[in-house]
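Counting starts at 1 for both ligands and their atoms, following the listed order. Residues: numbered from 1 along the sequence shown.
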Amino acid sequence: MQSCSVDQRPPSLEDADDIASAVQDRVVVAMSGGVDSSVTAGILAGEGYDAVGIAMRLYSTPQESYTKSCCSPDDLFDARTVADSLSIPFYVANYEDAFRERVIEYFVSEYRRGRTPNPCVACNDHLKFDILLQRSLALGASYLATGHFARIDRSGDVPKLLRGVDRNKDQSYFLFGLPREALGRILFPLGGMTKDEVRDIARTMGLETAEKAESQEICFVGGGDYKAFVAKLLSEQERTPGRIVTTSGEVLGEHDGIHNFTVGQRRGLGLSYHEPLYVKAIRPEDGTVVVGGRDELAARGLVAERCNWLSFDRPNGPIECQVKIRYAGEPVPCLLTVGADPTTAFVEFEETQRAVTPGQAAVFYQGEEVLGGGWIEEPRS
Ligand SMILES: Nc1ncnc2c1ncn2[C@@H]1O[C@H](COP(=O)(O)OP(=O)(O)OP(=O)(O)O)[C@@H](O)[C@H]1O
């Protein structure tokens with residue numbers, strides 16, 4: 001169930017020198033009402049931690065979307081039911097204002113700028129591992145635990161963030177922006193397990209949520225239609241209609257808003273052409289969407305901004321590592337050069353990559369370890 005070379009499990013109470021003080025180690029478990037955080041709570045309570053469940057209410061859910069998102073009344077009810085069955089205290093924290101400012105407004109503003117946002121990273125950075133972590137420490141907790149599939153290696157002087165063992169579930173991509181200091185205060189008890197193992201544990205523990213379906217990708221977009229969601233929040237002037245042109249400047253059509261496009265997109269362009277076309281670039285200044293054939297999407301590298309480094313402050317020279325440029329996809333070999341200002345990174349891929357999408361995260365790995373990451377500013381051809 002866990003990788004033997006890595007001490008990624010929370011410190012075991014059996015190892016504690018002073019059991020009496022260790023049993024009082026408080027851990028706040030972020031409980032979404034899903035199976036992963038339920039099992040997280042079950043494991044930690046079972047290990048003797050003074051576990052406290054907290055569910056964050058992040059947005060108000062339209063009735064038709066109940067049970068499909070993490071903060072619907074049904075989910076809060078499920079989280080409370082699991083906490084009750086584990087006999088741990090449970091609270092709901094209302095973070096709707098912070099979520100609107102830090103996640104939803106960012107999400108919409110990125111589309112306004114012709115970029116493709118990653119709200120899960122923003123939620124981790126600003127809600128879970130900032131506001132909720134601070135709240136947890138203020139409540140006297142030593143740790144905040146979540147059901148993320150990622151590991152923290154505590155065997156060295158400083159904790160390292162590692163990929164989750166279950167490669168289909170690995171969520172380390174969403175965690176590159178955590179403050180380095182936070183790693184010492186976070187527990188990911190599921191990182192060494194597969195999803196099947198997590199469900200088995202949930203069944204063995206008799207948890208209400210054992211068979212609960214996976215949550216949808218973008219929790220606050222009811223029904224999954226994010227374009228309609230964004231369109232509703234953009235004013236008429238912000239929709240930026242414009243032309244669809246080829247890379248050689250041929251005008252192929254018009255569109256009614258750049259928020260409807262993502263670099264790499266093929267479907268839904270509404271064009272008929274002699275070869276399949278993909279969005280290559282989006283120009284917010286005049287609303288132009290540039291399209292090209294498959295080969296025209298290839299980039300030799302990228303520039304990333306607002307980088308956060310977990311494994312170093314600033315390396316002395318270029319580093320051979322791997323980069324993941326979208327959640328769905330494996331890390332690919334690259335040469336990473338961190339700029340004089342270390343919040344900027346320059347990346348050269350070993351082999352060209354298609355659809356390098358501004359606004360998405362570029363996350364750097366060396367094997368299992370997450371070195372850090374940043375936000376894709378632009379591809380380099
Ligand atoms: N609204 C919330 N309140 C408290 N914690 C949350 C909330 N949403 C997510 N989390 C925490 O973040 C973790 C990862 O969230 P994500 O939405 O990626 O979960 P998931 O894989 O669907 O997990 P789960 O099965 O626990 O819902 C959860 O396991 C949980 O610990």
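Counting heavy atoms only, His148 comes closest to atom 13 (C) of ligand 1 of the residues Lys169, Met56, His148.
Every atom of ligand 1 is numbered from 1 in the order shown, and the set under 4.0 Å from a heavy atom of Ala55 is 3 (N), 4 (C). Set against the non-hydrogen atoms of Gln171, the atoms of ligand 1 under 4.0 Å away are 18 (O), 21 (O).
In Arg57, neither the side chain nor the backbone holds a heavy atom less than 4.0 Å from any atom of ligand 1. Counting heavy atoms closer than 4.0 Å to ligand 1, residue Met31 contributes backbone atoms (N, CA, C, O) but none from C-beta onward. Contacts between Ile54 and ligand 1, counted as non-hydrogen atom pairs separated by less than 4.0 Å, involve the backbone only.
By the 6.0 Å and 45° rule, Arg354 stacks over the aromatic ring of Tyr278.
Between Phe220 and Tyr59, the ring planes lie perpendicular to each other; the angle is over 60°, past the 30° to 60° tilted range.
Only one option out of Glu330, Glu368, Glu369 pairs with Arg163 in a salt bridge (Lys or Arg N to Asp or Glu O under 4.0 Å); it is Glu330. Screening Arg113, Arg112, Lys232 for a salt bridge (Lys or Arg N to Asp or Glu O under 4.0 Å) with Glu238, the sole residue that qualifies is Arg112.
The two residues Ile152 and Leu183 come nearest to each other via the heavy atoms CD1-O, 3.7 Å.
In terms of polar-atom proximity, Ala30 is counted as a contact of ligand 1, with an N or O under 3.5 Å from an N or O of the ligand. For ligand 1, the polar-atom distance check finds an N/O of Ser37 within less than 3.5 Å of one of the ligand's N/O atoms. For ligand 1, the polar-atom distance check finds an N/O of Ser32 within less than 3.5 Å of one of the ligand's N/O atoms.
The aromatic ring centres of Tyr226 and His259 sit 6.0 Å or more apart.
Formation of a donor-acceptor pair under 3.5 Å by the Ser37 side chain with backbone atoms of Thr40 is not found in this model.
Under the 4.0 angstrom criterion for non-hydrogen atoms, Lys128 is in contact with ligand 1.
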